[in-house]
There are 2 protein chains.
Amino acid sequence: MEITQGIIRRLNEAGLKITPQRVAVMQTLCKLRMHPTAEELFAEVSKTIPGLSPTTIYNTLDTFVEKGLIKRVKTDADVMRYDAITEHHHHLYCAVSDRMEDYFDNELDEMLSAYFERKQINGFKVSDIRLQLMGDFSERKTTQ
Amino acid sequence: MEITQGIIRRLNEAGLKITPQRVAVMQTLCKLRMHPTAEELFAEVSKTIPGLSPTTIYNTLDTFVEKGLIKRVKTDADVMRYDAITEHHHHLYCAVSDRMEDYFDNELDEMLSAYFERKQINGFKVSDIRLQLMGDFSERKTTQ
DNA sequence: CTTTAATTTGTATTTATTACAAACAAGTTT
DNA sequence: AAACTTGTTTGTAATAAATACAAATTAAAG
C-alpha cells in the first residue's frame, strides 16, 4: 500500500524502528480527520492490533511528538488531542459539538507575521502564532 | 479593604452567597498575575483558610466560570489554569519557563474581526478569536 | 433567632497519564 | 541465516487531576 510506504519512510527518517504498532497509530491518526484523544486512538488502533496496550499508545504518541511527526492540541475544556498535520495551521473549535478542525490560511499568516514584526511586544519574542477560532459548524451546508 | 468590597459586589451581582472561601479564591486569583492551576490556588488560599478542602477549590472555580467571573485557560502541554480577567484578550506563552501572561491588543482585534468579516470560512461561524503567542520572555529587560 | 437553601467538607471514585521491569521484536553484525 | 544488541511493547501498579456524593455547616432571608 502506497500510504504505508510513506509512513515507513517518515518513521525511518526520524530514526525510529518500524513496528506494526507505530505504523498503525500513524495510519489511524492520518485517517481520522478530527483530532482524536489517546483513548480514541487506542480503541481504533486496537481493531488492527488486538493485544495492544494503552501504554503503547501513550509511548508512541510521545515519541512522535518528540520527533516532530505529530502535534499536541488541546482546547480549554478538554483532554489532550493529537494532530498528524505538523505544518503551521490553526484550529476551528465548536464547543457545542466538541468538534475541532484544522484551518489553513496563508493570507492570514502573512498578515499576522507582518503585524508582529511591526508591533513588538515588551520583550517577548514571538516565535509562533496560533489561532483558535471558536464558533459553530451548524451553518455548514455541505459535508465537505 | 476596598478590593474585597469589589469582589463582594461582583459575587452578589452573580447571585452567589458571600463566603470566606469564595472571597479568598477570587482575591488570590486577582493577586496572582500568572494563571494559577487549581492546585496552586489550593496551596495559596489554604494560607488564609486553613481547613480548606480541595473540592471547594474545584467547586468554586467551576461556579465562577459558570457565572462568567473567571475564565479557563489551557496550553497544549498543560493542566487547566484559571484567569480572573474575563475581558477579551490573548495569551503569551513561554514553554521554557512554563509562564503565561495576558496580552491585550485592540488594534489586533479590530484587524482580525475585519479580516474574518471579509473572509468567510466554509460554513463555520466565528464567534471568538483567541491567539496563543508562543515565544519567550528571556529578552525582557525590565520586570514590568 | 429560626429557618431554609446553598455551600463546604471529606471520603471515595473515576479518568488520564506515567513509571517501571520483564518480555519481545527490529534490524544490524557476523 | 543465526545470533546479538538495542529499542519497543506489554502489563501491572502508581500517580495526578478532577468529580460524585452524602453529611455537616453556614449565609442570609424572614
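Below, chains carry the letters A, B, ... as their sequence lines are ordered, and counting in each starts from 1.
Proximity of Ile70(B) to Met26(B): side-chain heavy atoms (C-beta onward) are separated by under 4.5 Å at one or more points. You'll find the side chain of Gln5(B) stays beyond 4.5 Å of the side chain of Arg9(B), heavy atoms only. Side-chain contact between Thr37(A) and Phe42(A) is absent, with no heavy atoms from C-beta onward closer than 4.5 Å. No side-chain heavy atom of Leu69(B) sits under 4.5 Å from any side-chain heavy atom of Thr63(B). In this structure, Leu112(B) and Leu108(A) have side chains that are in contact, with non-hydrogen atoms separated by less than 4.5 Å. Gln132(B) is not listed as a side-chain neighbour of Asp128(A), based on a closest heavy-atom distance of 4.5 Å or more.
Atom pair Ile8(B):CD1 and dA27(D):C1' shows a separation of 12 Å (rounding to whole Å applied). Summarising the geometry, the separation between CD1 on Ile18(A) and C1' on dG7(D) is reported as 12 Å, rounded to the nearest angstrom. When rounded to the nearest whole Å, the span between CD1 of Ile57(B) and P of dT8(C) equals 10 Å. Separating the CD atom of Glu66(A) from the P atom of dT18(C) is a distance of 12 Å, rounded to the nearest angstrom. Atom CD of Glu39(A) and atom P of dT17(C) are 7 Å apart (whole Å). Atom-to-atom, CZ of Phe64(A) to C1' of dT9(D) comes out at 13 Å; the value is rounded to the nearest Å. Atom-to-atom, CZ of Arg22(A) to P of dC24(C) comes out at 19 Å; the value is rounded to the nearest Å. Across the protein-nucleic acid pair, Phe42(A) atom CZ and dT17(C) atom C1' stand 14 Å apart, rounded to whole Å.
One finds a side-chain N or O of Gln21(B) lying less than 4.0 angstrom from the OP1 or OP2 phosphate oxygen of dT9(C).
The residue among Gly51(A) and Thr63(A) whose nearest nucleotide of DNA chain D lies closer to the 5′ end is Thr63(A).
Here the options are Thr60(B), Leu61(B), Val45(B), the test is side chain to side chain contact (heavy atoms under 4.5 Å, CB included), and the partner is Leu29(B); only Leu61(B) passes.
Residue Thr28(B) holds its OG1 atom at 6.5 Å from CG of Leu41(B), rounded to the nearest 0.5 Å.
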Bracket notation of DNA chain D in which parentheses pair within the strand, [ ] cross earlier pairs, and | pairs with another strand (Watson-Crick or G-U, under 3.5 Å): ||||||||||||||||||||||||||||||
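Listed candidates were dA18(D), dT7(C), dT8(D). Nearest to the side chain of Leu16(B) is dT7(C).
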Atom pairs, N/O to N/O, protein against nucleotides 19-26 of chain D, distance under 3.5 Å?
none

Under the criterion side-chain contact (heavy atoms from CB on, under 4.5 Å), I'd like the reasoning laid out for Phe116(A) against Ile121(A): C-alpha separation, chi angles, the key distance, then a yes or no. CA-CA 8 Å; Phe116(A) 285 108; Ile121(A) 302 172; 3.9 Å; yes
